[in-house]
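Have a look at the structure below before the remarks.
Here is how names work: the chains are called A, B, and so on, in the same order as the sequence lines, proteins then strands, and each is numbered from 1. Treat the numbers as computed from the prediction; the structure is a model and nothing was measured. Note: hydrogens, waters and symmetry copies are ignored here, and every other heavy atom, side chains too, is used.
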Number of protein chains: 4
Amino acid sequence: MSGNATGVLFRVVTWGESHGPATGAVIDGCPPRLALSEADIQGDLDRRRPGKFLSASPRREGDRVEILSGVFEGKTTGTPISLLIRNRDADSAAYESLRDLFRPGHGDMTYQAKYGIRDHRGGGRASARETAGRVAAGAVARKVIGQSGITVSARTLELGGIAARDLSPAAAVAGPLYCPDPEAEVRMLKRLEEAGAEGDTLGGIVKILVRGCPPGLGEPVFGKMDADLAGALMGIGTVKGVEIGAGFTAARMTGSACNDPIGPKGFRTNHAGGILAGITSGAEIVLRVACKPIPSIARPQETIDIHGNPAVVTVKGRHDVSAIPRIIPVCEAMVCIVLADHLLRQRAILPRR
Amino acid sequence: MSGNATGVLFRVVTWGESHGPATGAVIDGCPPRLALSEADIQGDLDRRRPGKFLSASPRREGDRVEILSGVFEGKTTGTPISLLIRNRDADSAAYESLRDLFRPGHGDMTYQAKYGIRDHRGGGRASARETAGRVAAGAVARKVIGQSGITVSARTLELGGIAARDLSPAAAVAGPLYCPDPEAEVRMLKRLEEAGAEGDTLGGIVKILVRGCPPGLGEPVFGKMDADLAGALMGIGTVKGVEIGAGFTAARMTGSACNDPIGPKGFRTNHAGGILAGITSGAEIVLRVACKPIPSIARPQETIDIHGNPAVVTVKGRHDVSAIPRIIPVCEAMVCIVLADHLLRQRAILPRR
Amino acid sequence: MSGNATGVLFRVVTWGESHGPATGAVIDGCPPRLALSEADIQGDLDRRRPGKFLSASPRREGDRVEILSGVFEGKTTGTPISLLIRNRDADSAAYESLRDLFRPGHGDMTYQAKYGIRDHRGGGRASARETAGRVAAGAVARKVIGQSGITVSARTLELGGIAARDLSPAAAVAGPLYCPDPEAEVRMLKRLEEAGAEGDTLGGIVKILVRGCPPGLGEPVFGKMDADLAGALMGIGTVKGVEIGAGFTAARMTGSACNDPIGPKGFRTNHAGGILAGITSGAEIVLRVACKPIPSIARPQETIDIHGNPAVVTVKGRHDVSAIPRIIPVCEAMVCIVLADHLLRQRAILPRR
Amino acid sequence: MSGNATGVLFRVVTWGESHGPATGAVIDGCPPRLALSEADIQGDLDRRRPGKFLSASPRREGDRVEILSGVFEGKTTGTPISLLIRNRDADSAAYESLRDLFRPGHGDMTYQAKYGIRDHRGGGRASARETAGRVAAGAVARKVIGQSGITVSARTLELGGIAARDLSPAAAVAGPLYCPDPEAEVRMLKRLEEAGAEGDTLGGIVKILVRGCPPGLGEPVFGKMDADLAGALMGIGTVKGVEIGAGFTAARMTGSACNDPIGPKGFRTNHAGGILAGITSGAEIVLRVACKPIPSIARPQETIDIHGNPAVVTVKGRHDVSAIPRIIPVCEAMVCIVLADHLLRQRAILPRR
């Protein structure tokens, strides 16, 4: 399988470059008879959309999704769902100076090495714009797993070194940074403003929660739920680390402290993060990802051109100061896609009684 | 695809339960004309084998691998390579008391939920014994990537809370815990002994290094090299976290500090960990994984039986005190398998000139 | 993998319903640096387009393809190629009476059984319109294999019981029915006219030739070239039989007659049809497919409705009298797609010297 | 995916060379809690086994299958089932003279072209011996589909030009050639004897019937049931043609004759062969395959050696006079494997009410 697709039964392929005419996704294997309209998808796309507040990229995209197939009279038919999002505000001129340069921290150099050719405009396929297709497909996945009572939500745990307490679910939904700690969020926003003014960018940590997931999802060995979730999340552009449950903390625990005792009503603790031996246990799935700072900074950087000559590059274009908060719906989308696929696979294994 | 297989062109399926007659792997897609014998595989299997030193499981397995197909007169033919490892010292009696109990931290409960049936003996398919097949297949993958000059090695960075300095590559190869800090290794061994005496277990951190990897391996979006590596490593039983390059530290860096400047001779730093936009850059690939303590502890634990009734379980059987050091060759194997697959995929994309 | 995609490295997914807003395909894994424009695709689409001559469906579709991604400055970049073809002349009103009826010979009943829902308009996903996406993707595949000197062409061997002699390659390219026997073609056209006047339809036989294919393409056992070609061709709506080389005639031959003797300059005969043990031999690949008559006939037919009640249906809409000649480019497309995939797979196995 | 595996959810990989130590298969994705023992598999293997009667290869193989994993206390656990069949009577000496020669009609030349190396002994991977693994896996698939009431049986319709009438289901099961026409079978046996005495071989036609298949199995476009069945059958070594339902006869029918009228109790005819638009209709699935004569003939044949020099080869070894009847269980196995996979896939799409 080539690399722009994922899933076994709920199969998603995304396509599109940052400055091409459009971007999109095709979902092959969505269950039939699911109510689905553009409105179901637009909400997540809007959360991912650039240009929403000061720290974000000023690129203006309506990001209107069109459903081109697979839905009939408001319901999915089981056939492929083609989702199209036009690129409207692509400003390629700003990238002309980057045609022959490799921006540090970007895929320019590696795409050139891989393919011997690249679309340099806006990062081409490696642009964060590519995630629009993922988010659109993820919104459909969210509806699929929602039928089984599964919900997925992400929140900001840390930004620019400012840690949040995981206090308020409401704030995590409504706040500008999806941060469950409103007081920390104020400081984070200030930090974003400062960094932006300095032409610099910030990283952070996002936590993803899955609730209502039935036990039994995931496969042994190479198709484990934690493996697939970690792969899906590490496949987001800025992610450099993934933890499940106790994560790196587990490395310092003893077995007697780390094992989650099981009572008749469930697990007493959740160091496992909802997954045992790669299969969901019915407990809440807890994931954390580390986002590096966005590599597009408005400062001169040492680099080389495509001929290997030394050069200095200052990235212009229009860029966010941090992957947070726009990465929030992307993390959710990736988790929804993995869960939808495993949910369908499990249906084949153990038909519901 | 069902979950016991991985890879697109270098495709590995493993099979086998802890207390069945044998365990093994089939590799479909190994390149032809590669010199291969059992001896090439046995070395890695020996490093994974139980019973090598005090802290390890006293189960004694010769773990002799047989190549049953795909090799003719000492060379691979391009057809599937079937690898067989007999289980000789399985002692199922010790597990009889666990037939109806769910051990905390184990897959007993989740396999039951998934399949409605499970082989309770020694953890069945969820046993660490399953990794013998992975290690055998990984040894073949190691030969494949070795032809292109790629080497993979893992080492112990932390165990039971004792951190090692990454000092001595020689010690990382030769020491009992593959620890690059011989002084720390002594303390780790002592800590293992203590924990074992207390019937408890320990976690730790393993670092994996890939050297000599050419640029251009990995695919966009869902088949990124970092995504596949993270998924592969998270799919090892005790792993709860994976980092690449700067990992979670990157979350606290600014873009100007995190971006790796590029000079004519390569990158000045390696916060990216050898991968940019999911594709290898030619720099060293650096990964770290967090291993939870092994859940089989010789202490009474609160649990339930398969009917949901409260119970107390004390795991007997024969168990390691830590996944380290036996997990070292398993980590290497998983990385080798991912690299071999992407190496072959890249050959199809950009034929060598 | 869900069923609307095919291929391992050259991976194609098609989407779209007959009366939806558009139909299309995404190709993931097209090699980079291949010159590609809409014009390269339009030629094959035009050959497939309805409404070209009297016996064909009067539905008028421009069938203009748009390339939405994966091509930069006239060359493929290695990233997914999204192809879009708008449906402009869909007339759904004619299908309203079929909403609750199952047309004999059509997929109405089986889609309903499979999904519990169906888009009845124009056959929905089961419409021959779906092949526009295949043909578009096939045109890209044709360019890929063309770089290696492989050509694929199909011709009409029989129509409505009128057999053609395989005389004139020029006629097979230029004639209205792609028939290599101009005299037979005249009779075929007359037969089409008669059948159309009677509200009936006709079947026929198409031959597909692959020239210039290097030896070594195809895999053992389940991925054999003949297996993949047969599957690809049988997956075209009206195909009920596939033969390779001597085909059914081989069943009546002796081994001494059927084996193709090998001389220093190649095979003396070609009963094998260019494939031995599932792998191409370098000889011409010869395939034949049997096309059933199109099931949409303008005559009353016995059927049932979705509730199982007896009914009579007369198909209106706009339909061809025979799948020939529009199926010709579809057969070619399917063969091109299979060959492109195996060509790339073989590059990974045996890098060119 | 490399080519020695098939299936999406019921996934089979086979391995093994004719003269290696063993051959086998691994099934990943077999549903759990299915009663399974070696005896369930041995019956089909015995039908495939060489050396049963005069016209067959005198190679004597017990073909005893061992189940090495995936079954616990007589039931499948859902984990991979590894099946092992030792090669006991491989006589490689007879093949030494073929080390540098390409036998006409065999894969010798194409394997060499593909891999640049080959195991010449007994045809290596391209030997009919490879089908032992398929038949073993097929026997497991047969049990899976049997739970849903699906049965698969094949019979001999023609051999050496002698056609059988499809008269007696009992004879088709019990006779030495699985021929439903005992009178024709007597003549077929005589023809086999004659051809064997002449050092020649014979082809024939096999019909495969699937009964009890529920409607709704198969996918649109590239994963159609007829496409997958045709591909599976064409992937058997000697098969050169595949027909479904009316097959090549349909090419000469009109639509009004070919369409199967639908009554309240089902289809009035079965020209479709049980499949409409690639999805099963609930009617009997009817397939026919053309088998070429086995290419190993005891007569001198013109060929070349691996250096391209002219040569004469006379195949010694031990060979059947016809692929029939040993191909009968192989055809059944391939059909069972395809059906099992689609049955599981359909469970995920439309959960049983």
Point-to-point distance, once rounded to the nearest 0.5 Å, from CZ of B:Phe72 to NE2 of D:His120: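 The distance works out to 5.0 Å.
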
Working to the nearest 0.5 Å, report the span between OH of D:Tyr115 and OG1 of B:Thr76.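 The OG1 atom of B:Thr76 is 10.5 Å from OH of D:Tyr115, to the nearest 0.5 Å.
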
Mind listing the closest non-hydrogen atom pair of D:Glu17 and B:Gly70 along with its distance?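 That would be OE1-N, 2.9 Å.
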
Does the D:Asp28 side chain pair with the main chain of B:Asn4, one donor and one acceptor, at a distance under 3.5 Å?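 Yes: the side chain of D:Asp28 pairs with the backbone of B:Asn4.
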
So what's closer than 4.5 Å to chain D heavy atoms on B:Thr23: side chain, backbone, both or neither?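 For B:Thr23, no heavy atom lies under 4.5 Å from chain D.
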
Of the backbone (N, CA, C, O) and the side chain (C-beta and beyond), which part of B:Leu344 lies under 4.5 Å from a heavy atom of chain D, both, or neither?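 Neither part, no heavy atoms under 4.5 Å.
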
A side-chain contact here means heavy atoms from C-beta on lying under 4.5 Å apart; do D:Pro80 and B:Arg125 qualify?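 Sidechains of B:Arg125 and D:Pro80: in contact.
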
Among the listed options D:Asp341, D:Thr77, D:Thr79, D:Leu68, the residue most often paired with chain B at heavy-atom distances under 4.5 Å: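 The candidate making the most pairs under 4.5 Å is D:Leu68.
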
Quick one: which of D:Gly24, D:Pro31, D:Pro21 has the most heavy-atom pairs under 4.5 Å with chain B, could you say?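 Ranked by contacts with chain B, first place is D:Pro21.
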
Between B:Ala22, B:Ser82, B:Gly29, B:Gly116, which has the largest tally of heavy atom pairs under 4.5 Å with chain D?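 Top option by heavy-atom pairs under 4.5 Å: B:Ser82.
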
